Undergrad: 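Before I ask anything, here is the structure I am working with.
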Amino acid sequence: MASEELAKKLQSRFAAVEDTENRLEPELSPARSAPREPIGGEDCSELSAMLHRRLDINDGAAAPCATRVFNPYTEFKEFSRRQIKDMEAMFRRYDMGKDGFIDLMELKLMMEKLGAPQTHLGLKNMIREVDEDFDGKLSFREFLLIFRRAAAGELQEESGLMALARLSEINVSTEGVMGAKDFFEAKAQALSQGSKFEAEIREEKEEQKRQQVEKKQRQAAFKQLQSAFCS
């Protein structure tokens, strides 16, 4: 049933195109008045696949397109978990709209708070340097690119992005293979990256446990004080 409907749509589309061309160009040159070759092979298969996809979308039966999952800890291995968390905290602090992006006005506020105000053109240039998807604002990944480029020495000393990285109070000294000058040193650091990552996770879990113990102790002390007043 679906194939019959697709065939009808294809036939209708080709007829409409030919009718339009015949009405708009009644006097074609000999070179262009040659009979149209039937569409077939890869072109037909590609068009058929596109139409099938469109039909599936309209019917709600299309499989969802695969989306790229961004993991800053695996993509930006030159930074520690603590550094990335500090960058994320800074990003969220200035993401006033809470939409996951820092737009031009939010970047303006950030630079003013950091003590390095920029002109309107300067702010646009800052975004343009790392704006990979050309949407005119900074995603968290693009925000991390600022610190990556600063750590790699790829930013101009007097640029707005360099001022942002320098005044952010985030240590962007490279720690992984990106910062190693010697090949064997880089290889050794790459091998130890996994154990370092696991150590940082253990430290975070221990810190969470310590906070839970302190919370329980405070609750117990409060209950003891409450019972003393009630008795």
Side-chain angles (χ1 to χ4, degrees), residues 67-182 185-186 188-190 192-208 210-211:
T67 57
R68 178 185 178 187
V69 178
F70 168 57
N71 187 334
Y73 302 110
T74 57
E75 186 169 346
F76 291 82
K77 293 182 178 180
E78 63 266 37
F79 300 127
S80 66
R81 286 177 60 86
R82 175 58 59 188
Q83 287 175 321
I84 292 178
K85 284 183 176 295
D86 289 343
M87 296 176 200
E88 184 178 12
M90 181 180 181
F91 182 86
R92 290 182 176 180
R93 183 162 65 249
Y94 291 101
D95 178 18
M96 309 300 292
K98 305 303 177 186
D99 58 352
F101 296 93
I102 291 180
D103 59 23
L104 189 69
M105 295 306 297
E106 291 167 340
L107 181 61
K108 178 178 183 295
L109 176 62
M110 177 190 295
M111 298 307 295
E112 290 175 351
K113 292 290 186 180
L114 292 175
Q118 303 289 313
T119 64
H120 183 77
L121 180 60
L123 293 168
K124 293 181 69 174
N125 288 336
M126 288 175 63
I127 293 177
R128 188 180 297 112
E129 284 191 55
V130 290
D131 188 11
E132 293 186 322
D133 53 5
F134 307 104
D135 60 355
K137 51 190 176 181
L138 298 177
S139 65
F140 181 49
R141 184 183 184 280
E142 292 166 343
F143 186 70
L144 290 177
L145 288 177
I146 299 173
F147 296 93
R148 166 178 282 177
R149 295 185 61 183
E154 297 176 356
L155 297 178
Q156 295 182 1
E157 191 65 25
E158 302 301 325
S159 69
L161 293 184
M162 192 64 184
L164 189 159
R166 186 187 300 113
L167 298 172
S168 64
E169 298 182 357
I170 298 174
N171 180 15
V172 295
S173 60
T174 54
E175 300 179 1
V177 296
M178 292 292 293
K181 296 181 180 179
D182 182 79
E185 180 184 355
Q189 289 190 8
S192 64
Q193 187 70 30
S195 58
K196 179 181 178 181
F197 186 81
E198 293 174 358
E200 290 177 343
I201 293 179
R202 286 196 298 268
E203 289 178 2
E204 289 182 3
K205 290 183 178 180
E206 291 175 359
E207 177 65 19
Q208 292 175 356
R210 185 183 64 79
Q211 293 177 358

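Bear in mind the structure is a predicted one, so any value in this text is a computation, not a measurement. Note that the numbering runs from 1 along the sequence shown for the chain.
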Undergrad: Would you confirm whether N71, through its side chain, and E75, through its main-chain N or O, come within 3.5 Å as a donor-acceptor pair?
TA: no

Undergrad: Carefully, step by step, assess Y94 and K113 under the rule side-chain contact (heavy atoms from CB on, under 4.5 Å).
TA: CA-CA 10 Å; Y94 291 101; K113 292 290 186 180; 3.4 Å; yes

Undergrad: So, E142 side chain and E132 main chain: donor-acceptor pair closer than 3.5 Å or not?
TA: yes

Undergrad: Within a radius of less than 6.0 Å around CD of E158, do more than 12 heavy atoms belonging to other residues, nucleotides or ligands occur?
TA: no

Undergrad: Where is the tightest heavy-atom contact between F91 and I102, given as atom of each residue plus distance?
TA: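 Minimum heavy-atom contact is CD1-CD1, 3.5 Å.
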
Undergrad: What is the distance from atom CE of M87 to atom CD1 of I146, rounded to the nearest 0.5 Å?
TA: 10.0 Å

Undergrad: Mind checking the NZ-CD spacing from K205 to Q208? Nearest 0.5 Å is all I need.
TA: 8.5 Å

Undergrad: Mark yes or no for whether R149, through its side chain, and E129, through its backbone, hold a donor-acceptor pair below 3.5 Å.
TA: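 Pair found, side chain donor or acceptor close to backbone of E129.
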
Undergrad: Can you say whether the rings of F76 and F79 are parallel (under 30°), tilted (30 to 60°) or perpendicular (over 60°)?
TA: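 If you compare the ring of F76 with that of F79, the planes turn out parallel.
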
Undergrad: Report yes or no: is the cationic atom of R81 (NZ for Lys, CZ for Arg) closer than 6.0 Å to the six-membered ring centre of Y73, at no more than 45° off its axis?
TA: yes

Undergrad: Rounded at 0.5 Å granularity, tell me how far CD1 in I84 sits from CD in E78.
TA: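 Rounded to the nearest 0.5 Å, the CD1-CD separation comes out at 8.0 Å.
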
Undergrad: Please report the interatomic distance NZ(K124) to CG(L107), rounded to the nearest 0.5 Å.
TA: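 One finds 13.0 Å between NZ of K124 and CG of L107.
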
Undergrad: Which heavy atom of A163 sits nearest a heavy atom of M111, and at what distance?
TA: CB-CE, 4.3 Å

Undergrad: By the definition side-chain contact (heavy atoms from CB on, under 4.5 Å), identify the one residue from D103, V130, L144 that meets it with L138.
TA: V130

Undergrad: Please give me the minimum heavy-atom distance between L114 and L167, naming the atom from each residue.
TA: O-CD1, 3.3 Å

Undergrad: More than 12 non-hydrogen atoms from neighbouring residues, nucleotides or ligands closer than 6.0 Å to NZ on K98, yes or no?
TA: yes

Undergrad: What's the verdict on side-chain contact (heavy atoms from CB on, under 4.5 Å) for N125 and I127, showing C-alpha distance, side-chain angles and the deciding distance?
TA: CA-CA 5 Å; N125 288 336; I127 293 177; over 6 Å; no

Undergrad: Measuring from atom CZ of R92 to atom CZ of F140, what distance do you get when rounded to the nearest 0.5 angstrom?
TA: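 Here the interatomic distance stands at 8.0 Å.
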
Undergrad: Looking at E112 and K108, is there a salt bridge between them, counting it only when a charged N and a carboxylate O are closer than 4.0 Å?
TA: yes

Undergrad: Could you check whether R166 pairs with E157 (Lys NZ or Arg NE/NH1/NH2 to Asp/Glu carboxylate O, under 4.0 Å)?
TA: yes

Undergrad: Would F70 and S139 count as a side-chain contact (heavy atoms from CB on, under 4.5 Å) here? Give the steps.
TA: CA-CA 11 Å; F70 168 57; S139 65; over 6 Å; no

Undergrad: Go through E203 and R82 one step at a time and tell me if the side-chain contact (heavy atoms from CB on, under 4.5 Å) criterion holds.
TA: CA-CA 11 Å; E203 289 178 2; R82 175 58 59 188; over 6 Å; no

Undergrad: Identify the two heavy atoms, one from M110 and one from M90, that lie closest to each other, and give their separation to 0.1 Å.
TA: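 It is SD-CE, 4.0 Å.
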
Undergrad: Do Q156 and M162 come close enough that some side-chain heavy atom pair is under 4.5 Å?
TA: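 Q156 vs M162: side chains apart.
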
Undergrad: What are the two closest non-hydrogen atoms of F147 and A165, and how far apart are they?
TA: CE2-CA, 4.0 Å

Undergrad: Check E207 with R210, please: is the shortest side-chain N to carboxylate O separation under 4.0 Å?
TA: yes

